[in-house]
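The block underneath contains the structure these notes are about, expressed in structure tokens.
Counting starts at 1 for both ligands and their atoms, in listed order. Only this structure's heavy atoms are used, side chains among them; waters, hydrogens and symmetry mates stay out. Positions are given from 1 along the sequence.
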Amino acid sequence: METLQVGRAKLTWLSGGVNFLDGGAMFGVVPKPLWGKKYPYNEKNQIELRTDPILIELDGKHFLIDSGLGNGKLTEKQIRNFGALEQSFIDESLRELGLTTDDIDAVLMTHLHFDHASGLTNWEDEKLVPTFRNATVYTSQVEWDEMRKPNIRSINTYWEDNWKPVQEKVQTFENEIKIADGLKMIHTGGHSDGHAIVLFEDGVDSFLHMADIMPTHAHQNVLWVLAYDDYPVTSVFQKEMWMEKGYGKESWYTFYHDAYYRAIKYNGKGEVIDKLSREQYDYDK
Ligand SMILES: [Zn+2]
């Protein structure tokens with residue numbers, strides 16, 4: 001498991017599953033000859049996308065950014081359609097760190113699409129229960145409202161199985177919320193109406209988790225947004241603003257979906273000055 005120390009915060013990438021999605025859909029209007037140079041694809045034009053939650057250890061607390069694909073939450077058809085070759089190993093990842101799901105104090109949900117929220121609940125005696133029994137689940141109010149009342153497009157990704165069992169644990173916010181000293185979530189919209197990012201600052205050290213506004217390192221260009229985005233122009237404007245801020249501070253940018261890089265740091269010109277690669281996962285193990 002890869003780790004990154006950013007000021008007081010220690011980040012660890014857990015094993016939350018993998019998806020293979022159409023490359024075109026992940027790069028919106030960008031033609032394949034361009035995106036194909038930035039991110040590897042297979043013979044079906046699919047690209048590998050991790051769904052790996054990031055554990056943040058900060059001041060004795062344990063926070064998680066998003067929750068992975070979960071286990072036993074997808075039907076055979078969904079597994080096929082989403083190319084979900086592997087589901088979550090969150091228990092195992094935490095155990096390697098001497099932790100259990102009970103040690104998680106809060107889950108910071110950037111949004112509640114199935115590939116981020118399925119790990120919030122799991123099956124116990126044929127009943128769905130919260131995976132993180134002691135955790136507060138943070139999400140924007142807009143996201144929470146849409147999750148419970150999806151429209152005809154978003155109903156495909158906002159599943160009752162992922163919200164009903166955790167509704168008592170949810171804490172919502174409007175524009176932003178402070179989670180701990182230096183750590184906050186900020187509502188952006190764009191990818192989904194209620195999408196939020198995570199920001200941490202400790203003196204000169206900082207990281208920005210842009211979630212699905214910048215799902216991989218290949219999405220650095222502010223105009224490269226997903227066909228999945230409900231409000232792509234909002235994504236572009238938000239990304240433009242947050243890239244400028246992050247570049248200026250030489251912030252780390254962290255990724256949930258990237259199969260190749262866990263985090264990248266850019267200078268004021270947007271050039272890569274530091275990076276954390278992913279150790280390639282062995283699917284046969
Ligand atoms: Zn996603």
Side-chain angles (χ1 to χ4, degrees), residues 13-28 30 35 38-39 41 46-54 64-70 73-74 78-79 81-88 90 107-121 137-140 142-144 146-147 150 153-159 161-163 185-198 208-220 224-232 234-236 238-239 242 253-264 278:
W13 277 260
L14 310 182
S15 194
V18 73
N19 260 308
F20 283 81
L21 294 182
D22 184 73
M26 283 302 288
F27 288 99
V30 181
W35 69 253
K38 302 262 184 192
Y39 204 89
Y41 55 89
Q46 293 168 324
I47 62 171
E48 179 179 358
L49 295 162
R50 301 294 315 171
T51 50
D52 288 339
I54 306 169
L64 217 53
I65 297 180
D66 293 336
S67 72
L69 278 184
K73 301 291 298 293
L74 306 180
Q78 286 165 337
I79 290 172
N81 288 351
F82 306 138
L85 289 189
E86 170 207 328
Q87 297 189 45
S88 275
I90 296 298
V107 191
L108 284 46
M109 296 302 302
T110 62
H111 60 301
L112 298 166
H113 288 169
F114 83 90
D115 55 324
H116 296 252
S118 291
L120 284 178
T121 62
V137 176
Y138 290 101
T139 175
S140 78
V142 174
E143 190 71 8
W144 183 236
E146 185 166 358
M147 178 70 154
R153 168 160 146 136
S154 61
I155 198 161
N156 284 314
T157 193
Y158 290 120
W159 302 347
D161 277 0
N162 293 342
W163 70 264
M185 295 179 75
I186 302 164
H187 173 237
T188 61
H191 179 64
S192 66
D193 207 10
H195 183 277
I197 60 173
V198 181
L208 260 165
H209 184 78
M210 300 279 281
D212 282 9
I213 286 183
M214 185 186 178
T216 77
H217 71 283
H219 292 84
Q220 187 192 354
W224 289 30
V225 297
L226 321 189
Y228 293 111
D229 285 9
D230 286 339
Y231 303 92
T234 306
S235 299
V236 171
Q238 285 286 333
K239 199 156 137 193
W242 287 106
Y253 283 78
T254 55
F255 308 112
Y256 175 84
H257 282 308
D258 201 311
Y260 305 94
Y261 295 105
R262 295 312 201 172
I264 292 195
R278 183 170 84 92

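The closest side-chain heavy-atom distance from Thr121 to Asn162 is below 4.5 Å.
Near the Zn ion (ligand 1), less than 2.8 Å away, sit the protein N, O or S atoms Asp115 OD2, His116 NE2, Asp212 OD2, His257 NE2.
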Criterion side-chain contact (heavy atoms from CB on, under 4.5 Å) on Thr216 and Tyr39, from CA distance to verdict: CA-CA 9 Å; Thr216 77; Tyr39 204 89; 3.7 Å; yes

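With sequence neighbours excluded, the residues that form a side chain to side chain contact (heavy atoms under 4.5 Å, CB included) with Tyr231 are Asp193, Thr234. The ring-ring contact (aromatic ring centres under 6.0 Å, His included) search around Tyr228 returns none, not counting sequence neighbours. Qualifying ring-ring contact (aromatic ring centres under 6.0 Å, His included) partners for Phe255, counting only residues two or more places apart in sequence or in other chains: none.
Note on ring orientation: taking the six-membered ring where Trp is involved, the planes of His111 and His191 are perpendicular (angle over 60°, cut-offs 30° and 60°).
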